[in-house]
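Just below is one structure, and these are the notes that go with it.
Computation of the quantities below employed the complete heavy-atom set of this structure, encompassing side-chain atoms and omitting hydrogens, waters and symmetry-equivalent molecules.
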Amino acid sequence: MLTPLQRQLLSDHLGQYISDHKKDFIEKVLADRTRYITVVMEDIYQSHNASAVVRTCECMGIQEVHIIENASTYSVNPRVLHGANKWIHLVRYKEKNLNNTETCFKSLRENGYRILATDPRPECVSIGEIPIDQKLAIVMGNELHGTSAYAQAHADEKVNIPMYGFTESMNISVSAAICLNTMIPRLRNSQVDWRLSEEEKNETRLEWYRKSVRRSDLIEREFFARLLKNSYQ
């Protein structure tokens, strides 16, 4: 675990290997990142669907996605992801013989989230009517059964996407895109403090620098070796 000073020194050092254009772009993306809204995927078993949701979240500025693996293991489809998973944090819940949905919900609540379970039934609240005065976690269930009975029973609210055709449900990646495109513009136009904190930005910047510099692990080891040597001189 690096101290704030060590993190800053290392970021400055790695920044020498990144073009000014790339660093400016990183700062622009960082300024639009949020953890105020997050997406939870529960037992998604088709890799292209899970990957499409991750890619959508990254495009919409979501910095953290939670993945519950009770019955299905999360896997990626590189052709769908296009590298989107490099730029966001994936928090996975996959302990055997545990209710990982319960573990995830407990963690979300400890971090101040209101939990919204998606449900296509018309009596549920429209996603666009949900207040944004509290951090929100949108739970997407699997392709066959939707959100689990536990998620339905323990969510703070059940939400739907208004639909007007014969078909009763949408593909999960489409649903995630609609939910985020409904909520993110509202959030960005509000007075809510939705952006990452300065500490979160610093941590994320370093993580992105590491992924942007070739052999950053070797450069980092050499940097700290020199730093340690100089401290003894």
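- The closest donor-acceptor contact from the side chain of Thr167 to the backbone of Ser169 lies at 3.5 Å or more, if one exists at all.
- Taking the side chain as every heavy atom from C-beta outward, Thr34 and Gln63 never approach each other to under 4.5 Å.
- In this structure, Lys201 contributes its side chain and Leu30 its backbone to no donor-acceptor pair below 3.5 Å.
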Under the criterion side-chain contact (heavy atoms from CB on, under 4.5 Å), I'd like the reasoning laid out for Ser175 against Ile161: C-alpha separation, chi angles, the key distance, then a yes or no. CA-CA 8 Å; Ser175 296; Ile161 298 169; 3.9 Å; yes
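- For Gln152 and Thr147, the side-chain atoms include at least one donor-acceptor pair closer than 3.5 Å.
- Residues Ile67 and Ile44 fail the side-chain proximity criterion, which asks for heavy atoms closer than 4.5 Å.
- Here Thr38 contributes atom OG1 and Ile115 contributes atom CD1; the two are 10.5 Å apart, rounded to the nearest 0.5 Å.
- A side-chain donor from one of Asn100 and Asn70 sits under 3.5 Å from a side-chain acceptor of the other.
- Looking only at side-chain heavy atoms (C-beta outward), Leu90 and Asn85 come within less than 4.5 Å of each other.
- With contacts defined as side-chain heavy-atom distances shorter than 4.5 Å, the pair Ile62/Arg35 does not qualify.
- The cluster map of Ile, Leu, Val, Met, Phe, Trp and Tyr, joined by side-chain heavy atoms under 4.5 Å apart, puts Val53 and Val91 in different clusters.
- Tyr93 pairs by the ring-ring contact (aromatic ring centres under 6.0 Å, His included) definition with His66, not counting sequence neighbours.
- Counting only residues at least two apart or in different chains, side chain to side chain donor-acceptor pair (under 3.5 Å) contacts with residues 72-83 are absent.
- Counting only residues at least two apart or on different chains, the salt bridge (charged side-chain N to carboxylate O under 4.0 Å, His left out) pairs with a member in residues 91-103 are Glu69-Arg92.
- Note that OG1 of Thr101 and CD1 of Ile68 are 4.0 Å apart. Values are rounded to the nearest 0.5 Å.
- Although no hydrogens or angles enter the test, the distance criterion places no donor-acceptor pair under 3.5 Å between the side chain of Ser51 and the main chain of His48.
- A salt bridge links Asp217 with Arg215: at least one charged nitrogen is closer than 4.0 Å to a carboxylate oxygen.
- Without hydrogens or angle criteria, Lys211 side chain to Lys86 main chain gives a donor-acceptor distance under 3.5 Å.
- Contact between Asn160 and Cys124 at its shortest, heavy atoms only, is ND2-O, 3.4 Å.
- Cluster membership check: Leu108 does not share its hydrophobic cluster with Val39, using side-chain heavy-atom separations under 4.5 Å among Ile, Leu, Val, Met, Phe, Trp and Tyr.
- Inter-residue side-chain proximity for Glu207 and Trp87 is flagged as unmet; no heavy-atom pair is nearer than 4.5 Å.
- For residues 156-198, there are no ring pair (Phe, Tyr, Trp, His ring centres under 6.0 Å) pairs, not counting sequence neighbours.
- The existence of a salt bridge linking Arg195 and Glu200 is excluded, since no basic side-chain nitrogen approaches an acidic carboxylate oxygen closer than 4.0 Å.
- Met183 and Val40 are members of different hydrophobic clusters when ILVMFWY side chains are connected at heavy-atom separations under 4.5 Å.
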Run the numbers on Ile178 and Val174 for side-chain contact (heavy atoms from CB on, under 4.5 Å), then give the verdict. CA-CA 6 Å; Ile178 291 174; Val174 173; 3.9 Å; yes
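- Considering only residues two or more places apart in sequence or on other chains, His13 meets the ring-ring contact (aromatic ring centres under 6.0 Å, His included) condition with Tyr17, Phe223.
- Counting heavy atoms from C-beta outward, Asp24 and Lys28 have side chains that stay 4.5 Å or more apart.
- Considering CG of Leu10 and CG of Leu5, their distance stands at 11.0 Å, rounded to 0.5 Å.
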Enumerate donor-acceptor pairs with a distance under 3.5 Å from any side-chain N or O in residues 131-143 to protein atoms, sequence neighbours excluded.
residue, atom, partner, partner atom, Å
Gln134, NE2, Gly112, O, 3.4
Lys135, NZ, Asn111, O, 2.7
Asn142, OD1, Leu144, N, 3.0
Asn142, OD1, His145, N, 2.7
Glu143, OE1, Tyr45, N, 3.3
Glu143, OE2, Gln46, N, 3.2
Glu143, OE2, Asn49, ND2, 3.1

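- When the side-chain hydrogen bond (donor to acceptor under 3.5 Å, both in side chains) test is applied to Asp193, no partner is found at least two apart in sequence or on another chain.
- With sequence neighbours excluded, no residue forms a side-chain hydrogen bond (donor to acceptor under 3.5 Å, both in side chains) with Arg221.
- When the shell of 6.0 Å around CD of Gln16 is examined, it contains more than 12 heavy atoms from other residues, nucleotides or ligands.
- Taking the side-chain hydrogen bond (donor to acceptor under 3.5 Å, both in side chains) definition, one finds that Ser19 meets it with nothing, sequence neighbours left out.
- Between the side chain of Asp119 and the backbone N or O of Val159 there is no donor-acceptor pair closer than 3.5 Å.
- Among residue pairs with one or both ends in residues 37-48, none qualify as salt bridge (charged side-chain N to carboxylate O under 4.0 Å, His left out); sequence neighbours excluded.
- Considering CD of Gln8 and OG1 of Thr3, their distance stands at 10.5 Å, rounded to 0.5 Å.
- Distance check, rounded to the nearest 0.5 Å: CD1 of Ile219 to CG of Leu14 gives 6.5 Å.
- Residues forming a ring-ring contact (aromatic ring centres under 6.0 Å, His included) with His154 (at least two apart in sequence, or on another chain): Tyr150.
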Worked verdict on Val65 versus His89 for side-chain contact (heavy atoms from CB on, under 4.5 Å): CA-CA 6 Å; Val65 173; His89 298 123; over 6 Å; no
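- Just one of Arg33, Glu203, Arg205 meets the side-chain contact (heavy atoms from CB on, under 4.5 Å) condition when paired with Leu196; it is Arg33.
- A continuous path of hydrophobic side-chain contacts links Leu9 to Trp208 [ILVMFWY only; heavy atoms under 4.5 Å].
- Taken to the nearest 0.5 Å, the CD atom of Glu27 stands 11.5 Å off from the CG atom of Asp32.
- Remark: the Glu198 side chain and the Asn202 side chain contain no N/O donor-acceptor pair separated by less than 3.5 Å.
- A donor-acceptor pair under 3.5 Å is formed between the side chain of Asn189 and the backbone N or O of Pro185.
- With contacts defined as side-chain heavy-atom distances shorter than 4.5 Å, the pair Tyr36/Ile184 does not qualify.
- Taking every heavy atom of both residues into account, Thr56 and Ala177 meet most closely at CG2-CA, 3.7 Å.
- Applying the side-chain hydrogen bond (donor to acceptor under 3.5 Å, both in side chains) criterion to Ser173, with sequence neighbours excluded, gives Asn171.
- For the pair Val125/Lys158, no side-chain contact is recorded, criterion being any heavy-atom separation below 4.5 Å from C-beta on.
- Checked for salt-bridge contact, Arg55 and Glu58 miss the test: no charged N lies under 4.0 Å from a carboxylate O.
- Note: the hydrophobic cluster containing Val76 also contains Ile88 (ILVMFWY, side chain heavy atoms under 4.5 Å, direct or indirect links).
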